[in-house]
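Count residues from 1 along the sequence.
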Amino acid sequence: MELALWLLGGLVMLVLGGELLVRGAVQIAGRLGISPLLVGLTVVAFGTSTPELVTSVQASLAGSPGIALGNIVGSNIANVLLILGVAALLCPVAVNSRALARDGGLGFLAALALLAVGLFWTMDRAVGLLLLLALIGYIVFAYRQERLADGADHGAAYDKAEAFAAAQPPALPLSRALGGLPGAILQLVAGLGLIVAGGALLVDAAVTLARALEVSEEVIGLTIIAVGTSLPELVTSVVAALRRQADVALGNVLGSNIYNILGIAGATALIAPTEVPATIANFDAWVMVAAALLLLVVARTGWRVGRREGGVLLACYAAYVWSAWPA
């Protein structure tokens, strides 16, 4: 029971910290005169992935590559099969063909790249640098595309930021009382502190849980940790679906998958190089690639992800979790 509370406490601190960090950073960027579009593509899009980033970096530094890489691979699997499945059940998802080809295609290629690294290389600093450079290239490309967008052809990075903005709760009383720049700085610092502390608590609890249940750290990272750190994406996608903005929910999933691999995996490899566990490289990374391909196929059929397809995605996720956990 105590271990479960530690795990839950770490997740709550990560999610709340990520919320505060992004809010504070967005307000500071606005006061510095940075365009809302650039803020959305960088501060918001990357900031909402901070739970995955901090957890993976701290796990890698602690010598737990199963949790570090399992969190990234498992989050991408959960984004497609679990989160998009839930969103589609709530509201059928209309698909923009151009955005799917651009962002879904890049997500699939990124998944293939991570699979190749796991099979033939290692997550060293050279790989991390290449992934981050690819992310920078994507952001520059997306920024140029969005400046020319006609309002109906937004990309995944833009939708990820839009989904977060739509799901934001009211400002906290303390930040309202301080207001202005001091309140923004307070939120950013508090958010960063909560994320770091929550990530450390979550990793420690995950390692202890794996030993207590006599399962591998990879299993914990791929399932419990991955779903936990993906809670912000789940919340924003569900809110978008309930507001009948399911196309934004799809963009949120596609954008999250791109940032997870290029940004989170890249930063993790650059800060704390690590090996890709053989079990992940030989099975789970293949599932990640298959999920990215399945998304392209399902979305291409009729240019929508309906409730039936959403049920199929959820069934696939249940089958994956069942196969991942030892009997």
Side-chain angles (χ1 to χ4, degrees), residues 1-25 46-79 82-83 86 164 167-175 183 185-239 256 259-260 264 267-268 271-272 317 321 324-325:
M1 183 63 180
E2 182 180 356
L3 184 57
L5 290 177
W6 287 356
L7 199 68
L8 180 61
L11 288 173
V12 170
M13 292 169 69
L14 277 174
V15 173
L16 179 58
E19 169 80 19
L20 290 174
L21 176 69
V22 175
R23 282 191 179 201
F46 204 94
T48 52
S49 295
T50 49
E52 286 98 335
L53 173 62
V54 172
T55 301
S56 290
V57 169
Q58 290 190 340
S60 186
L61 289 172
S64 298
I67 294 176
L69 273 300
N71 177 40
I72 295 168
V73 172
S75 290
N76 274 33
I77 295 172
N79 281 343
L82 174 62
I83 295 176
V86 170
F164 172 81
Q168 282 194 91
L172 298 177
L174 183 57
S175 65
I185 295 175
L186 174 64
Q187 288 183 85
L188 188 146
V189 172
L192 184 60
L194 282 172
I195 289 173
V196 172
L201 182 60
L202 183 64
V203 171
D204 288 343
V207 172
T208 305
L209 180 64
R211 292 171 180 169
L213 297 178
E214 298 183 349
V215 298
S216 68
E217 293 181 3
E218 287 88 340
V219 170
I220 300 297
L222 287 159
T223 54
I224 296 175
I225 304 302
V227 173
T229 56
S230 295
L231 285 177
E233 283 80 11
L234 176 60
V235 171
T236 52
S237 291
V238 167
V239 169
S256 295
Y259 278 80
N260 280 348
I264 307 307
T268 300
I271 297 171
Y317 188 71
V321 172
W325 277 83

Checklist entry - Has the side chain of N260 got a donor or acceptor atom that lies under 3.5 Å from a matching backbone atom of I72? => result no
Next on the checklist: For the CG atom of L222 and the OG atom of S75, what is their distance to the nearest 0.5 Å?
Outcome noted: 9.0 Å
Item to check | Partners passing side-chain hydrogen bond (donor to acceptor under 3.5 Å, both in side chains) against Q58 (at least two apart in sequence or in another chain) | outcome: none
Item to check | Shortest non-hydrogen contact from V227 toward A78 | outcome: CG2-CB, 4.4 Å
Item to check | Which residues share a side-chain hydrogen bond (donor to acceptor under 3.5 Å, both in side chains) with T268, sequence neighbours left out | outcome: none
Item to check | Contacts of A272 that satisfy side chain to side chain contact (heavy atoms under 4.5 Å, CB included) - sequence neighbours left out | outcome: S60, L61
Item to check | Shortest non-hydrogen separation from A68 to S56 and the atoms involved | outcome: O-OG, 2.9 Å
Item to check | Single hit among N79, N76, I77, L82 for side chain to side chain contact (heavy atoms under 4.5 Å, CB included) with S230 | outcome: N79
Item to check | Shortest non-hydrogen contact between A267 and L53, atoms and distance | outcome: CB-CD1, 3.6 Å
Item to check | Value rounded to 0.5 Å, distance of CD in E217 from OG1 in T208 | outcome: 9.5 Å
Checklist outcome for this item: For N71 and I225 the tightest heavy-atom approach is OD1-O, 3.7 Å
Checklist entry - Can you name the residues that form a side chain to side chain contact (heavy atoms under 4.5 Å, CB included) with I224, not counting sequence neighbours? => result L7, L209, I220, W325
